[in-house]
Number of protein chains: 2
Amino acid sequence: MTVTSAAATHADTLPRALYDFVDAYDRAYEAAATSQQLSVAQVCVLIRLDEKRGMSSLATELGCDASNITQIVARLESRGLVRREPSPTDGRARLIVRTADGDRTKARFDAAFEFARDVTARLSAQEREQLTSLLHKAMGA
Amino acid sequence: MTVTSAAATHADTLPRALYDFVDAYDRAYEAAATSQQLSVAQVCVLIRLDEKRGMSSLATELGCDASNITQIVARLESRGLVRREPSPTDGRARLIVRTADGDRTKARFDAAFEFARDVTARLSAQEREQLTSLLHKAMGA
DNA sequence: TATTGTTATACTCTATAACTATA
DNA sequence: TATAGTTATAGAGTATAACAATA
């Protein structure tokens, strides 16, 4: 998804601000992934491996098919960023583990994704609190 | 589905709220596209055709390669949602035009994308103004 | 020479269906 | 029977490179 937050006359409406903000976020996220030669999908898996876990758990959380996870994990594994271990409790399952190399790559991704830090830096403590609260409310939290 | 997704825990920090909000927005956007049998990329092109325009202009705005646009437009054209016209002023260029059917499909997409309307409905007038303003500031506007 | 757009190619994401091994 | 994961397959997005036609 992509957009131009063009300086439209007075596109000062909330829907437009939402669109532009999400677009900026998504672009920054993808750029950070690309900086580590990763796709967004690969990052989505990599960052969810702070603890070892099974594929079906990942598929559920990411809202995609299990066969999808198989392929993404296979690519991450071929690059040495994760590895598969047999589950000690379930003979069918495999646990995905992020390797030390994967840890370093994730850390570099985090460092490259400056967007959230920029947002934080541009707002006062009170504004940050306000924004956090408004976003929760906007989502129906 | 896209693997761009969300998570389960609920930390009250701004970075986390940003991530969750963008994830919710992206998922809703994709669902609206899917409801019209469109990909997100196809929607991105379709909604930018309120006026006829060339491919390179679209490629620049969307931040992708021109060959990419060629393919997306070809798929939209094969479904009758857009058509290509020769440019009257530049023999190399083609102008992309959204057809009447494309107009209707875009309108149905807009109707299906309820996210922004939901956000609006959940906030008071003052909160909407606050959020709009905070998002602009957060982006460095 | 530079630009507009296309074609060919290759890789990735994604879902569906069929399959295995295990529960 | 149901679940965890894989394989095969196919459609779509994406970029790069090479190309044609025009500016």
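In what follows, chains are A, B, ... by sequence order, proteins preceding strands, each numbered from 1.
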Would you call [X]-[Y] a salt bridge at under 4.0 Å N-O?
X       : Y       : result
B:Glu85 : B:Arg94 : no
B:Asp50 : B:Arg98 : yes
A:Glu77 : A:Arg83 : no

Check your understanding: What about the rings of A:Phe113 and B:Tyr19, do their centers lie closer together than 6.0 Å?
Key ->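 No, the ring of A:Phe113 stays outside the 6.0 Å limit from the ring of B:Tyr19, centre to centre.
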Find the distance [X]:[atom1] to [N]:[atom2] and express it as a whole number of Å.
X       : N      : atom1 : atom2 : answer
A:Asn68 : D:dA4  : CG    : C1'   : 16 Å
A:Leu62 : D:dG5  : CG    : P     : 13 Å
A:Glu30 : C:dC13 : CD    : P     : 11 Å
B:Leu58 : D:dT14 : CG    : C1'   : 16 Å

Indicate whether the side chain of [X] and that of [Y] have a donor and an acceptor atom separated by less than 3.5 Å.
X        : Y        : result
A:Arg108 : A:Thr105 : yes
B:Arg75  : B:Ser78  : no
B:Asp101 : B:Thr99  : no

Taking only N/O atoms, report every protein-nucleotides 20-23 of chain C pair under 3.5 Å with atom names and distance.
from: C:dA23; atom 1: OP1; to: A:Gly91; atom 2: N; distance (Å): 2.9

Review point. Going 5' to 3' along nucleotides 6-12 of chain C, which nucleotides have protein heavy atoms under 4.0 Å from the base (write B), which only from the sugar-phosphate (write S), and which from neither (write -)?
Key: BB-B--S
Review point. The side chain of B:Ile72 lies closest to which of these nucleotides: D:dG5, C:dT14, D:dT14?
Key: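 Among the listed nucleotides, the one closest to the side chain of B:Ile72 is D:dT14.
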Check your understanding: CD of A:Glu129: more than 12 outside heavy atoms within 6.0 angstrom?
Key ->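 Atom CD in A:Glu129 is not packed in, count stays at 12 or less.
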